[in-house]
Amino acid sequence: MEQQKEIRLGLLGMGTVGTGVVSLLHRNGELMQKRAGCTITVEKILVRDTSHPREIAYPADKFTSNPEDIIDHPEIDLVVELMGGIEPARQYMERALKAGKGVITANKDVIATHGEELLKLARENRCNIWFEGSVGGGIPLLRPLKNCLAANRVEKFLGIVNGTTNYILTRMEWEGISFEDALRDAQDLGFAESDPTNDVDGWDAAYKVVILGGLSFGTFVSMENIYMQGIRGISFRDLQYARELGYTIKLVAVGDTVEGRVSLRVHPVLLPLGHPLAAVYHEYNALFLEGDAVGEVMFYGKGAGAFPTASAVVGDVIEAACGKVHQIDSSTMDIQLSPRPVLPMGEMVSSFYLRLQAYDRPGVFAALASTFGEHQVSLDMIIQKRSDEGTAEIVLITHRVKEDNFWAALDKISGLPDISKVFSVFRVIQGGSQR
Ligand code: HSE
């Protein structure tokens, strides 16, 4: 059978990543042609306003504001979705798959919430959906998990998957600036949106932890089952105490399995300064995991931006194009998924950092210690410093304890007459353990 010599793309969206994809296809087109065994051309681009001036000079007839011009185009082989948001992106991907076209996307929101049904649809239509760019931008994460590490049982992973929050925490820690000032700088640099909720409250990382969980544990956990704590409650004082105790604070995406049950969560942690992820600063992302055969593995790089994300998207385009050219039934390469029980957060075992203010009078420590003791919470490290007139600031780290026990103890402690304020509570990763 004759080989197809040209693969035609339809792009849905031409924002930052779309522009990066088109530029990269131009810049390295010759190289890609050799690697894919065919030319890869952009046939049509869906944009909101076709008359809007663009950075990339393309003939006007390449642009359309009608999605049917791409989804129903008989000569478009692959649809590259770069619109972001759930609808109408999800609906366009669904229609493209039903039309038998391969879909490439970096849309974590859609994959985390509808990935399972889209993968099923792709299989039914003997095509596939690729989404390497949805987690970790340009860092190869999903294909290594799916292919290179396929021989391993991955029981846990820990990642810094949101560049904006890592940038904010780095600036706070290194320069002693407030969360608000660091956020403003992140917004000025284009890392954070004008409404930063998605990044700072953990949503972006939660979508990504769902996808990582899907690839690592073979199950897509729904967003309602993802525990989320963002970074708004972290102050420079917490970062200073953390350092004094031998830690840094990072927002992490964590996945692990405990007796067959899956736990996926996003929250800040105190990370020992010697942990490989502690050295990941600014907008960089990294994923640290353990496979039973390979041992510890870490992936590191830029998790966002036009070219890093385009690198992942175009990598997917080349794999999809290769599959088309060599007539490989790409539906056979998809991810095998099955439902698994979720471990409720209250049953997790964690170590905690707590910073509070107490009245400086006899019996305060005794009351704290006995309340913790009643709930089987054992203390590992304690610091007390003189605070405002008549008060003391107490910082402590607990040993590992069932979450429900810790929260019940804290509830009681918050109500003690000796305690004037609970400032912050974060989980702690102890020594070499990820949990
Ligand atoms: N806003 C994300 C980040 C990039 O800061 O990492 C897109 O997922």
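Whatever order the structure lists ligands and atoms in, that order sets their numbers, starting from 1. Numbers here simply count residues along the sequence, with the first being 1. Keep in mind that what you see is a predicted model, and the values were worked out from it rather than measured.
Applying the 4.0 Å criterion to heavy atoms of Gly163 picks out, from ligand 1, the atoms 3 (C), 5 (O), 6 (O). Interface atoms of ligand 1 facing Ala304, defined by a heavy-atom separation under 4.0 Å, are 4 (C).
Contacts of Asp204 with ligand 1, taken as heavy-atom pairs under 4.0 Å, involve the side chain alone. Of all the heavy atoms of Asn162, the ones lying under 4.0 Å from any atom of ligand 1 are found in both the backbone and the side chain.
Side-chain contact annotation: Thr197 with Asp195, donor-acceptor N/O pair under 3.5 Å present. Side chain to side chain, Thr257 and Arg340 fail the donor-acceptor criterion of an N or O pair below 3.5 Å.
When each of Gln357, Arg355, Lys421 is paired with Glu393, the side chain to side chain contact (heavy atoms under 4.5 Å, CB included) condition holds for Arg355 and for no other. Among His399, Gln430, Arg427, Arg400, the single residue meeting the side-chain hydrogen bond (donor to acceptor under 3.5 Å, both in side chains) criterion with Ser351 is Gln430.
The shortest heavy-atom distance from Lys108 to ligand 1 is under 4.0 Å. The closest approach between any non-hydrogen atom of Lys208 and ligand 1 is below 4.0 Å.
At the top of the distance list for atom 5 (O) of ligand 1, counting protein heavy atoms only, stands Thr164 OG1, 2.5 Å. The protein heavy atom nearest to atom 1 (N) of ligand 1 is Asp199 OD1, 2.8 Å.
Note on Arg90 versus Asp109: no salt bridge recorded, every NZ/NE/NH1/NH2 to OD/OE distance being 4.0 Å or above. Note on Lys120 versus Glu116: no salt bridge recorded, every NZ/NE/NH1/NH2 to OD/OE distance being 4.0 Å or above.
Between Thr41 and Glu6 the shortest heavy-atom distance is OG1-OE2, 2.8 Å.
By the 3.5 Å distance cut-off applied to N or O atoms, Asn285 is not counted among the residues near ligand 1.
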